[in-house]
Amino acid sequence: MRDVDRVTVEEVGLQLLSMMENAGRNLAGQVLRRNAENVVIYAGNGGNGGGGLVAARHLSNRDIDVSVVLDRDSSDLDGVAATQHEVVDAMNVAVTRDPAELDAFDAADVAVDALVGYGLSGSLRGEAAELVPAVESAETVVSLDVPSGLDASTGETPGPAVTPDTVVTLALPKTGLKILDATIVLADIAIPPVVYQRLDIPYRHPFAGEYCVELRGG
Ligand SMILES: NC(=O)C1=CN([C@@H]2O[C@H](COP(=O)(O)OP(=O)(O)OC[C@H]3O[C@@H](n4cnc5c(N)ncnc54)[C@H](O)[C@@H]3O)[C@@H](O)[C@H]2O)[C@H](O)CC1
Ligand SMILES: [K+]
């Protein structure tokens, strides 16, 4: 997946922010399908968190009551996550580090888990790990790309990990998802077939007339 991202950005010229926009909009679409009224997005400081913050923007644009919980102070965000945070902050979306501070916390019908994706290294630690019970307290948990704390390649959970109802995984299903009971939805983030060709990955798009396809029910 890292190679797919690299070739897409460096050789084809599609920008990370474009892929992330597709990721976040597809994720928001999956949340909207659940008729959620009150959504809490848990976001970390990487591509995964950035996608979660894009979804926060799309949901807020659709008048959903959405709040964001970060695993660090917003001033400690950098890169794409900082860019996406700046936008939701300007939109007056509630952003906090402490879920108990949110009026919406007890009422959340969907929690979006965008703390860590395939960038996990070792066991889930620090505030991200401490937030796992809060994420799981919502009626429905939707993880972006891979459940936070689960190794995307092996499926191992060397420490705490989110147990989602649904995973919205991006571009290609990650092998580590095989062990989960969750519903797996594959989302199109517009990676062109030439990228897979260059990497000798046999690929035929599975999306038919949609941007998301359910690979496996929970
Ligand atoms: N083609 C695609 O699939 C695309 C995927 N995208 C999304 O980007 C993430 C991968 O982004 P990356 O920045 O490489 O890493 P993460 O966001 O997954 O993680 C970095 C984040 O997590 C923290 N962290 C790492 N290990 C731990 C740990 N053990 N405990 C606590 N915290 C940890 C680290 O400090 C960073 O803050 C991918 O999953 C997709 O969601 C792109 O949006 C587009 C292309
Ligand atoms: K995640």
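Read the numbers this way: they start at 1 and go in the same order the structure lists the ligands and their atoms. Everything quoted here is computed from the prediction, not taken from an experiment. These numbers come from the heavy atoms of this one structure, side chains and all, not from hydrogens, waters or symmetry mates. By convention here, the first residue in the shown sequence is residue 1.
Atom CZ of Phe207 sits in a crowded spot, with more than 12 heavy atoms from other residues, nucleotides or ligands closer than 6.0 Å.
Of the possible donor and acceptor atoms, none in the side chain of Glu214 sits under 3.5 Å from a partner among the backbone N and O of Thr183. Side-chain N or O atoms of Arg216 include one that pairs as donor or acceptor with a backbone N or O of Ala182 at under 3.5 Å. The main-chain N or O of Asp78 is found under 3.5 Å from a side-chain atom of Asn45 such that the two form a donor-acceptor pair. Under the 3.5 Å distance criterion, the side-chain polar atoms of Thr157 are left unmatched by any main-chain donor or acceptor of Leu150.
Given atom 20 (C) of ligand 1, the protein heavy atom at minimum distance is Gly46 CA, 4.2 Å. Val116 CG2, 3.8 Å is the protein heavy atom nearest to atom 32 (N) of ligand 1. Looking from atom 9 (C) of ligand 1 to the surrounding protein, the closest heavy atom is Asn48 N, 3.5 Å. Scanning all protein heavy atoms for the shortest distance to atom 36 (C) of ligand 1 gives Asn45 O, 3.9 Å. Closest to atom 25 (C) of ligand 1 among all protein heavy atoms lies Gly119 O, 3.5 Å. From the protein, the heavy atom lying nearest to atom 26 (N) of ligand 1 is Ser121 N, 3.0 Å. The single protein non-hydrogen atom nearest to atom 42 (C) of ligand 1 is Leu16 CD1, 3.9 Å, given as residue, atom name and distance. Among all non-hydrogen protein atoms, the one lying nearest atom 1 (N) of ligand 1 is Asp5 OD1, 2.4 Å.
With a cut-off of 3.4 Å, the K ion (ligand 2) has an N, O or S atom of Asp113 in range. Under 3.4 Å from the K ion (ligand 2) lies an N/O/S atom of Val116, whether from backbone or side chain. For a distance bound of 3.4 Å, the N, O or S atoms of Val146 include one lying that close to the K ion (ligand 2). Taking backbone and side-chain atoms together, Gly44 has no N/O/S atom less than 3.4 Å away from the K ion (ligand 2). At least one N/O/S atom of Ser148, from backbone or side chain, sits under 3.4 Å from the K ion (ligand 2).
Note on ligand 1: Ser123 sits in its first shell, one or more heavy atoms being nearer than 4.0 Å.
Residue Gly47 holds the heavy atom nearest to atom 11 (O) of ligand 1 of all those in Gly47, Gly117, Ala129, Gly149. The closest non-hydrogen atom to atom 5 (C) of ligand 1, taken over Val195, Leu170, Leu172, comes from Leu170. Distances from atom 39 (O) of ligand 1 to the heavy atoms of Asp151, Val80, Val168, Asp145 put Asp145 nearest.
Ion pair Asp3/Arg6 flagged as a salt bridge, since at least one NZ, NE, NH1 or NH2 atom sits closer than 4.0 Å to an Asp/Glu carboxylate oxygen.
Annotation for Ala128 and Leu115: closest pair O-CD1, 3.9 Å, computed over non-hydrogen atoms. Val66 and Ala56 make their closest contact through CG1-O, 3.6 Å (heavy atoms, listed as atom of the first residue, atom of the second, distance).
Linking ILVMFWY side-chain heavy atoms closer than 4.5 Å, directly or via other members, places Leu14 and Leu170 in a single hydrophobic cluster.
Contact annotation: for Arg72 versus ligand 1, heavy atoms closer than 4.0 Å belong to the side chain alone.
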